[in-house]
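Below you'll find the structure, written out as structure tokens, and then a few comments.
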Amino acid sequence: MSNVWDDLDLLLDNPSSLTVTSSARGTVKDKANFKVEEDVAAIRKAIEGIGTTEKTLIEVLTQRSNAQRQLIAKAYHKATGRTLEADLEGDTHGDFEDVLVALITPPEVFDCREVIRAIKGAGTTESTLTEIFTSRSNRQIKALSETYLAETGRSMIHDLQSEVSGDYAKALLILAEGKRDETTNVDAAKAKADAKALYEAGEKKWGTDEAKFIDILCHRSVPQLRQTLVEYKNLSKKTLQESIESEMSGNLEKLLVAVVKCVKSVPLYLAERLFKSMKGAGTTESTLTRIIVSRSEIDLLDIRAEYKKLFGCSLYTQLESEVSGSYGDTLKHLCGQDD
């Protein structure tokens, strides 16, 4: 499976989800002739009737954009005096409840809650933090950070600092500042120099200079890093990902590999995360929900395409065999269709 990550030929011309801000590759779009009153009436009937009509909730909430769902939630509150979130929480449960609440939550608030969930309680869920901070653009990280302050009254960076440690923390905190260089022009000489510095900090020396990897991988722009990956392979005969995997371990290794993967292709990285959340014993529903909901208006079409290429079956088919009931139906609606 690693061979897809070694293919650097197509790298330099492809747009990146970290820099492109269009919703053209999402599966969920604004609904044409959207009528908020009709949607609110349908949702009220589904919730207030005897027994919740899950089908209605799924159809309405998965086929409206997040902006439209915000309007529905506002109108619902005005009409009933209750919040839609509280009513969904009172009327549904488990993974189905989680995905519906995620759908009516603004994206930056949803990200913020996922970060809070990853750092509270016993033990920190580093894999969630790694996924969020490597796959989000500066703009998204900034919005998440502002929301975190508004929701908790504390600085996100400050809270992360008390939860993570060592080199992993150093790298994560740089990413969590959301200050990755965003220039699009590539300095070829600098890419060569960075590749050489990485080679000398890892493969070539006894022991690894992690700080050098962290500095280059967490600060440089996406186009610059793509050029650096090409230069690194020319110099080392190994890909940078292979070098990181052989030189490092633990959460730092996972984070830097995720950075490299996202520099190449965020959809490919997330397709792999989806696969891993479904294979083996038991499904990690929280990861499925987070990725499918948070990417549904960004690049879920691309994630679907990469999934099919990587695993030979469509994401839709995999969801059909792994998740069931109203929860499964909701995810399949968001996924869109079979490839």
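Along the sequence shown, residues are numbered consecutively beginning with 1. In this text, all values refer to a predicted model and were calculated from it rather than measured experimentally.
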Scan Lys31, Lys45, Arg44, Arg64 and name whichever one has a salt bridge (Lys or Arg N to Asp or Glu O under 4.0 Å) with Asp39.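 With Asp39 as partner, Lys31, Lys45, Arg44, Arg64 yield a single salt bridge (Lys or Arg N to Asp or Glu O under 4.0 Å), made by Arg64.
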Would you say that more than 12 heavy atoms from the other residues, nucleotides or ligands in this model lie under 6.0 Å from the NZ of Lys238, or not?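 Above 12, so yes.
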Do other residues, nucleotides or ligands put more than 12 heavy atoms under 6.0 Å from the NZ atom of Lys74? no
Do [X] and [Y] land in one hydrophobic cluster if side-chain heavy atoms of ILVMFWY residues count as linked below 4.5 Å?
X	Y	result
Leu149	Leu175	no
Val186	Leu240	no
Val259	Tyr199	yes
Leu88	Leu71	yes
Phe34	Leu61	yes

If you measure from the Lys or Arg side-chain nitrogens to the Asp or Glu carboxylate oxygens, is any gap between Glu85 and Arg113 under 4.0 Å? yes
Between [X] and [Y], which heavy-atom pair has the shortest distance, and what is it?
X	Y	result
Ile58	Phe96	CG1-CE1, 3.7 Å
Val293	Ser296	O-OG, 2.9 Å
Phe110	Ala102	CE1-CB, 3.6 Å
Gln70	Thr105	NE2-C, 3.5 Å
Ser286	Glu114	O-OE1, 4.4 Å
Thr27	Leu334	OG1-O, 2.7 Å

In Å, rounded to the nearest 0.5 Å, how long is the span from [atom1] of [X] to [atom2] of [Y]?
X	Y	atom1	atom2	answer
Thr56	Ile43	OG1	CD1	9.0 Å
Gln241	Ser246	CD	OG	11.0 Å
Tyr232	Leu235	OH	CG	7.5 Å

Parallel, tilted or perpendicular, as decided by the 30° and 60° cut-offs, for the rings of Phe311 and Phe275: parallel
Does any non-hydrogen side-chain atom of [Y] lie less than 4.5 Å from one of [X]?
X	Y	result
Leu84	Ile47	yes
Arg304	Lys308	no
Thr124	Tyr168	no
Leu268	Lys261	no

Between Leu217 and Ile244, does the side-chain contact (heavy atoms from CB on, under 4.5 Å) criterion hold? Intermediate values first, please. CA-CA 11 Å; Leu217 288 174; Ile244 293 168; 3.9 Å; yes
Evaluate the side-chain hydrogen bond (donor to acceptor under 3.5 Å, both in side chains) criterion for residues Glu247 and Thr208: first the C-alpha distance (whole Å), next the side-chain angles of each, then the deciding distance (0.1 Å), finally the verdict. CA-CA 7 Å; Glu247 294 289 316; Thr208 308; 2.8 Å; yes
Under the criterion side-chain contact (heavy atoms from CB on, under 4.5 Å), I'd like the reasoning laid out for Ile292 against Leu319: C-alpha separation, chi angles, the key distance, then a yes or no. CA-CA 11 Å; Ile292 290 176; Leu319 288 169; 4.1 Å; yes
Keeping Ser155 on the side-chain end and His158 on the backbone end, is there a donor-acceptor pair under 3.5 Å?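 A pair under 3.5 Å: yes.
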Mind checking what makes salt bridge (charged side-chain N to carboxylate O under 4.0 Å, His left out) contact with Glu59, not counting sequence neighbours?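 With neighbours one apart ignored, the set is Lys55.
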